[in-house]
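Being a predicted model, the structure only gives us computed values, none of them experimental.
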Amino acid sequence: MSGPGYQSDTLREITPEPGEARRVVVLISGNGSNLQALIDEQAHDRLGGEIVAVISNEPDAYGLQRARDAGIDAVVLPHREYESRDAYDGALIKVIERHEPDLIVLAGFMRILTPRFVQRYLGRMLNIHPSLLPAYQGLNTHARALADGVSEHGCSVHFITEELDGGPVALQAAVEVADGETEESLKEKVHAREHLIYPIAVKWFLEGRLQLGADGATFDGLPLPPQGLRMSHADAAEELDEDQEL
């Protein structure tokens with residue numbers, strides 16, 4: 001999707017005008033802890049833009065309440081009311097377009113997007129995945145990492161393309177897997193890193209520093225490596241004030 005020959009009208013230079021508020025729409029399906037991390041940064045004027053709407057395919061998603069508590073438009077669009085994935089994505093596009101976003105952020109949105117949807121917003125969609133991509137695409141990442149006995153795990157912010165969890169990576173944060181690590185303890189450590197790096201990547205995008213072009217992701221105009229920029233375990237632990245004894 002991001003090879004040298006690929007072109008899309010949605011891949012364009014993003015240069016915010018001074019004083020222009022960049023607009024963000026967040027898609028969720030559940031608790032919305034990553035949404036809360038973005039809301040917290042916005043509350044301290046550190047996000048670089050404004051979350052103008054939160055949309056959920058699940059009516060009971062707690063993230064909707066997080067949005068309401070923050071004074072953000074919370075929209076329910078239940079996918080079960082649509083006869084097909086394409087019909088749902090068509091309705092989702094209409095809802096999104098009302099908010100005129102510069103960026104769409106997926107924060108636990110448990111839907112596989114149609115090619116039609118991806119192409120419309122290509123270069124303007126970010127997702128966070130609980131692994132050091134390209135390792136462990138898909139579900140059950142923590143259990144799979146533990147089963148393989150890896151020494152390092154983590155999370156990745158990436159651009160969304162038609163390849164599931166396969167878009168160019170922008171930013172990662174690593175965590176060392178401790179002796180006796182459980183799936184729950186590893187999940188907790190990875191979640192903390194998600195909440196740390198997702199607002200950073202969103203801010204970079206809104207500032208025009210992080211972009212997706214025909215040849216892949218760039219940061220400050222320079223091509224990013226396949227794993228994007230990576231925050232080490234030690235640096236992440238220091239930022240999170242974690243006990244670094246393993």
Side-chain angles (χ1 to χ4, degrees), residues 14 16 20-56 61-74 99 101-109 121 123-133 153-160 165 167-175 187-212 217-220 224 227-242:
I14 301 173
E20 180 185 359
R22 311 298 285 171
R23 299 170 63 85
V24 181
V25 167
V26 182
L27 307 183
I28 65 167
S29 294
N31 180 56
S33 64
N34 273 304
L35 166 64
Q36 189 63 57
L38 297 172
I39 290 173
D40 291 345
E41 290 299 291
Q42 177 176 297
H44 291 91
D45 294 322
R46 293 194 297 250
L47 191 62
E50 178 185 3
I51 302 170
V52 295
V54 173
I55 305 170
S56 175
Y62 182 67
L64 292 166
Q65 187 60 48
R66 296 180 188 272
R68 296 184 190 106
D69 291 345
I72 298 168
D73 190 12
H99 298 279
D102 298 288
L103 174 65
I104 298 169
V105 173
L106 274 66
F109 187 62
Y121 298 111
R124 292 191 286 152
M125 286 193 295
L126 292 176
N127 183 47
I128 192 155
H129 183 75
S131 77
L132 296 174
L133 291 172
H153 191 45
C155 55
S156 307
V157 180
H158 66 96
F159 283 98
I160 294 175
D165 300 327
V169 175
L171 180 61
Q172 296 183 328
V175 59
K187 178 181 178 181
E188 183 178 344
K189 292 176 184 177
V190 172
H191 269 171
R193 281 153 178 78
E194 291 178 10
H195 304 160
L196 176 64
I197 68 170
Y198 213 1
I200 294 172
V202 168
K203 185 173 188 288
W204 285 348
F205 182 94
L206 296 174
E207 291 175 340
R209 303 182 69 189
L210 175 64
Q211 298 185 14
L212 179 63
T218 62
F219 181 69
D220 287 343
L224 286 172
Q227 75 275 15
L229 300 174
R230 179 176 292 189
M231 183 177 292
S232 70
H233 169 84
D235 286 344
E238 182 177 358
E239 288 289 332
L240 296 167
D241 197 26
E242 289 179 345

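Judged by distance alone, the side chain of Arg22 and the main-chain N or O of Glu207 form no donor-acceptor pair under 3.5 Å. Side-chain N or O atoms of Tyr121 include none that pairs as donor or acceptor with a backbone N or O of Ile160 at under 3.5 Å. Remark: side-chain polar atoms of Asp102 are paired, donor with acceptor, to backbone N or O of Arg23 under 3.5 angstrom. Arg46 places no side-chain N or O within 3.5 Å of a backbone atom of Pro199 that could act as its donor or acceptor partner.
Taking each heavy atom of Ile28 and Ala61 in turn, the nearest pair found is CD1-CB, 4.2 Å. Of all heavy-atom pairs spanning Tyr198 and Leu106, the tightest one is OH-O, 2.7 Å. Scanning all heavy atoms of the two residues, the minimum distance from Ala174 to Arg193 falls at O-NE, 2.9 Å. Shown here for Ala217 and Pro168, the closest heavy-atom pair between the two residues is CB-CB, 3.9 Å. Heavy-atom minimum distance, Ile39 versus Ala70: CG2-CB, 3.7 Å. For the residue pair Asn34 and Ala107, the shortest heavy atom distance occurs at CB-CB, 4.1 Å.
Taking CD of Glu50 as the reference point, atom CG of Asp45 lies at 10.5 Å (rounded to 0.5 Å). Rounded to the nearest 0.5 Å, atoms NE2 (His158) and CE (Met125) are 10.0 Å apart. The structure places OG1 of Thr218 at 8.0 Å from CG of Leu212, a figure rounded to the nearest 0.5 Å. Distance SG/Cys155 to NZ/Lys189: 13.5 Å, rounded to 0.5 Å. Atom CG of Leu64 is separated from atom CD1 of Ile72 by 11.0 Å, given to the nearest 0.5 angstrom. The line from CZ of Arg66 to CD1 of Ile51 is 12.0 Å long, rounded to the nearest 0.5 Å.
In this pair, Phe219 and Trp204 present their aromatic rings tilted. The plane angle is within the 30 to 60° band.
Residues satisfying the side-chain contact (heavy atoms from CB on, under 4.5 Å) test with Asp220, not counting sequence neighbours, are Arg209.
Checking each of Leu27, Asn127, Leu126 against Ile104 for a side chain to side chain contact (heavy atoms under 4.5 Å, CB included) leaves exactly one that passes, namely Leu27.
Around the CD atom of Gln65, the shell of radius 6.0 Å holds more than 12 heavy atoms that belong to other residues, nucleotides or ligands.
Between Glu239 and Asp235 the shortest side-chain heavy-atom distance does not fall below 4.5 Å. The side-chain heavy atoms of Leu38 and Leu47, taken from C-beta on, include a pair separated by under 4.5 Å.
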Worksheet item: Which is it for Ser131 and His153 under the side chain to side chain contact (heavy atoms under 4.5 Å, CB included) test, yes or no, and what are the steps along the way?
Response: CA-CA 6 Å; Ser131 77; His153 191 45; 4.0 Å; yes
Fill in: Leu133 vs Gln227, side chain to side chain contact (heavy atoms under 4.5 Å, CB included): CA-CA, chis, key distance, verdict
CA-CA 7 Å; Leu133 291 172; Gln227 75 275 15; over 6 Å; no
Worksheet entry | Working for side chain to side chain contact (heavy atoms under 4.5 Å, CB included), residues Leu224 and Leu229 | CA-CA 7 Å; Leu224 286 172; Leu229 300 174; 3.7 Å; yes
Practice prompt. Verify side chain to side chain contact (heavy atoms under 4.5 Å, CB included) between Glu238 and Met231, making sure each step is shown before the conclusion.
Written response: CA-CA 11 Å; Glu238 182 177 358; Met231 183 177 292; over 6 Å; no
